[in-house]
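Okay, so here's the structure we're looking at.
Each chain gets a letter, A, B and so on, in the order its sequence line appears, and its residues count up from 1. Note that the coordinates shown come from a computational prediction; the quantities given were computed from them, not determined experimentally.
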Protein chains: 2
Amino acid sequence: MKFIIQRDHLVQSVQDVMKAVAPRTTIPILTGIKITASDEGVTLTGSDSDITIESFIPKEEDGDEIVEIKEYGSIVLQAKFFSDIVKKLPLDVVEIEVTNHFLTIIRSGHSEFSLNGLDAEEYPRLPHIEGSHVFRIATDLLKTIIRQTVFAVSTSETRPILTGVNLKVENNELICIATDSHRLALRKSSIETEDDTIYNVVIPGKSLNELSKILDDSNDPVEIVITENQVLFKAKHLLFFSRLLEGNYPETARLIPTESKTDITVMTKSFLQAIDRASLLGREGKNNVVKLSANGNNLIEISSNTPEIGKVIEEVQAQSIIGEELKISFSAKYMLDALKVIEGSEITVSFTGAMRPFVIRPLHDDSILQLILPVRTY
Amino acid sequence: MKFIIQRDHLVQSVQDVMKAVAPRTTIPILTGIKITASDEGVTLTGSDSDITIESFIPKEEDGDEIVEIKEYGSIVLQAKFFSDIVKKLPLDVVEIEVTNHFLTIIRSGHSEFSLNGLDAEEYPRLPHIEGSHVFRIATDLLKTIIRQTVFAVSTSETRPILTGVNLKVENNELICIATDSHRLALRKSSIETEDDTIYNVVIPGKSLNELSKILDDSNDPVEIVITENQVLFKAKHLLFFSRLLEGNYPETARLIPTESKTDITVMTKSFLQAIDRASLLGREGKNNVVKLSANGNNLIEISSNTPEIGKVIEEVQAQSIIGEELKISFSAKYMLDALKVIEGSEITVSFTGAMRPFVIRPLHDDSILQLILPVRTY
């Protein structure tokens, strides 16, 4: 294998596939990046066996030559060293050549590295995915959906299925749900599908976080292909594979209250800042519980009391408070998480009593819903 | 105590004195910030007993009212909570009032905090420093001197005196020296002194790092007052006290070679980048050793070899190589540390053989000198 490549393209691709490389792994070859030079260009692959990322650098783009292939072939190089090296090479152009015994020479200007490579034949094969059933979604919308749901997945392995996001496709609608059994995030959006296949799968939250990092903010479509145990996201010059979680995701629809006893409409930002301040006096590492009370005068009071430190009282003017008087306690962290991902300057919080889950929605927008279980203190 | 204060001035002062507050300490009251309201304004104090920082907020500045004092007095508030609160308060103006039993009310807009304070009488007194002998140095120069020396202090407590920077004043010259016995940094500068007092003290490296963080980048003078066991830096509205290290600093002058056998002059940046790349293949957490060889053709070769990973060879064109041929090994980290703080596009490295310390100086500038002990490998 031998090729000459524009360094900035190589650096970007290495950074992308590095997102899948785990520094420690039981399969030593997965600490490496696989590099393949073919007739079309150079392909880099990184994997931790749960996630696999493949980045392709074409020989030419917009008429500019990016890679000059001298000899086809492939090699696996230690990811950490290879990525440090390409970032710091002195010139804009890099030559990479595999000599005998997988020894790989990386040259740029008066800098020459010789790295001990590994046999690319030993590198695990990519999951084989038949791209028959495909649906498409704009890149920036996909990133928004991930951001609005993935924070709510469980971090505990007690119920592994809850560490993933439940993705459902039916009737040209995509529904993503995440819950850790204390709160739930739900986001709907309409998508283009090629047929009326129904999907109901669970994608690990970690995979979606990594995917979100390497996608750009364009509205170019991402193609999504789902098989029995894998999902593939296809963007321009990028393939992102993730395994799916096994098992049935709990039915969450019945958790969401369909009626309410108290509805508070309030400016998102002032509500969020008041909750943030009210949570300041808690002890480190605890989910700080705050109390909310709403009565006449459209005034919301948010308070917390930590006897050894002090107490705080915040008043927020609501746009409207409709229904019964209310006193309720909840985790400030869960509320802040939910408020941060809601787009929209005004929200409605719908309560069905102090012991029942409550729902946060942006005003006049049914595509996103955040649900939080209260804490029993009153 | 009761006063109304502009929030941004309070936030800045709290941030400054926080630099001295240790989150954990054997003296519980030192986890707090002392706040004193007097006729002139508000004074904040933070301390970990090694370092004490006092920040003063005057009642007025440039004709603007910053503080309105309603009632004199003082209180100690938990630093972490107080600093989080003032940062997040909703309005530009804050009212702070101590009621009975040290309970302190912090009000801003519709936000009200009640914090349990501590008796300010229990807070340790500031070191008493007679300001008779004073010298002055521009703030930005003082920060440069700290940056160019403090990185070379020892991080090991085996010889505690080496964890400090040796500061000497004599004949209107300030000399700062730091060494961890493997490398040494020396910086001279001329200063204004009011008399011909001679100083020779050792200031903890940690103190100088914290001082550097709170000084601005102006060329306003900082006054330095040195007593038997304390040093005081006085900037505008800011007092910074540090204890001195006890004991005699080793005599370092004789370590610095006065002659040389090989002198290499090279562009700082290309030399630094080549060393940086040559150090990439070392294992994590090790001081990577690189080899330098210089012979004819004004060409420097820098190389390193880690058999299980690979090797690297870098060639750097020198401006000149004068004297004997040379092969020497040294810590890439020490060399990079030294090169990063040297101002000047060209440096001269003066060697006296492969086993002797060598010296790095900017071309045509005797105010700074970096010395490194080689590693025995050839």
Checklist line | Sorted by number, residues from residues 110-121 of chain B in contact with chain A (heavy atoms, under 4.5 Å) | finding: B/His110, B/Ser111, B/Glu112, B/Phe113, B/Ser114, B/Leu115, B/Asn116
Margin query: Going by side-chain contact (heavy atoms from CB on, under 4.5 Å), name the residues that satisfy it together with B/Ile275, two or more places apart in sequence or in a different chain.
Written below: B/Phe271, B/Ile302, B/Phe330, B/Ala332, B/Met335, B/Leu336
Distance-only donor-acceptor hits, side chain of residues 7-23 of chain A, under 3.5 Å, sequence neighbours excluded:
unit_1: A/Arg7; atom_1: NE; unit_2: A/Leu91; atom_2: O; d: 2.9
unit_1: A/Arg7; atom_1: NH1; unit_2: A/Val86; atom_2: O; d: 2.9
unit_1: A/Arg7; atom_1: NH1; unit_2: A/Lys87; atom_2: O; d: 2.9
unit_1: A/Gln12; atom_1: NE2; unit_2: A/Asp16; atom_2: OD1; d: 3.3
unit_1: A/Ser13; atom_1: OG; unit_2: A/Ser55; atom_2: OG; d: 2.7

Next item on the list: Look at A/Leu103, A/Leu89, A/Ile313, A/Val316 and state which one has the largest set of heavy-atom pairs under 4.5 Å with chain B.
Entry: A/Ile313
Margin query: Does any backbone or side-chain atom of B/Asp276 lie under 4.5 Å from a heavy atom of chain A? Answer side chain, backbone, both or neither.
Written below: side chain
Notebook entry, point to check: By a 4.5 Å heavy-atom criterion (distance strictly below it), what part of B/Glu314 contacts chain A: side chain, backbone, both, or neither?
Noted result: both
Check: Can you say whether B/Pro90 sits under 4.5 Å from chain A via the side chain, the backbone, both, or neither, judging by heavy atoms?
Finding: both
Note to self: Is there a side-chain contact between B/Ile85 and A/Arg277 in this structure, where contact means two heavy atoms from C-beta onward sitting under 4.5 Å apart?
What the structure shows: no
Check: Looking at residues at least two apart in the chain, or sitting in another chain, which of them share a side-chain contact (heavy atoms from CB on, under 4.5 Å) with A/Val98?
Finding: A/Met1, A/Ile75, A/Thr104
Notebook entry, point to check: Would the number of heavy atoms belonging to other residues, nucleotides or ligands and lying under 6.0 Å from CG of B/Asp92 be above 12?
Noted result: no
Notebook entry, point to check: Is the shortest heavy-atom distance from the side chain of A/Leu280 to the side chain of B/Lys88 under 4.5 Å?
Noted result: yes
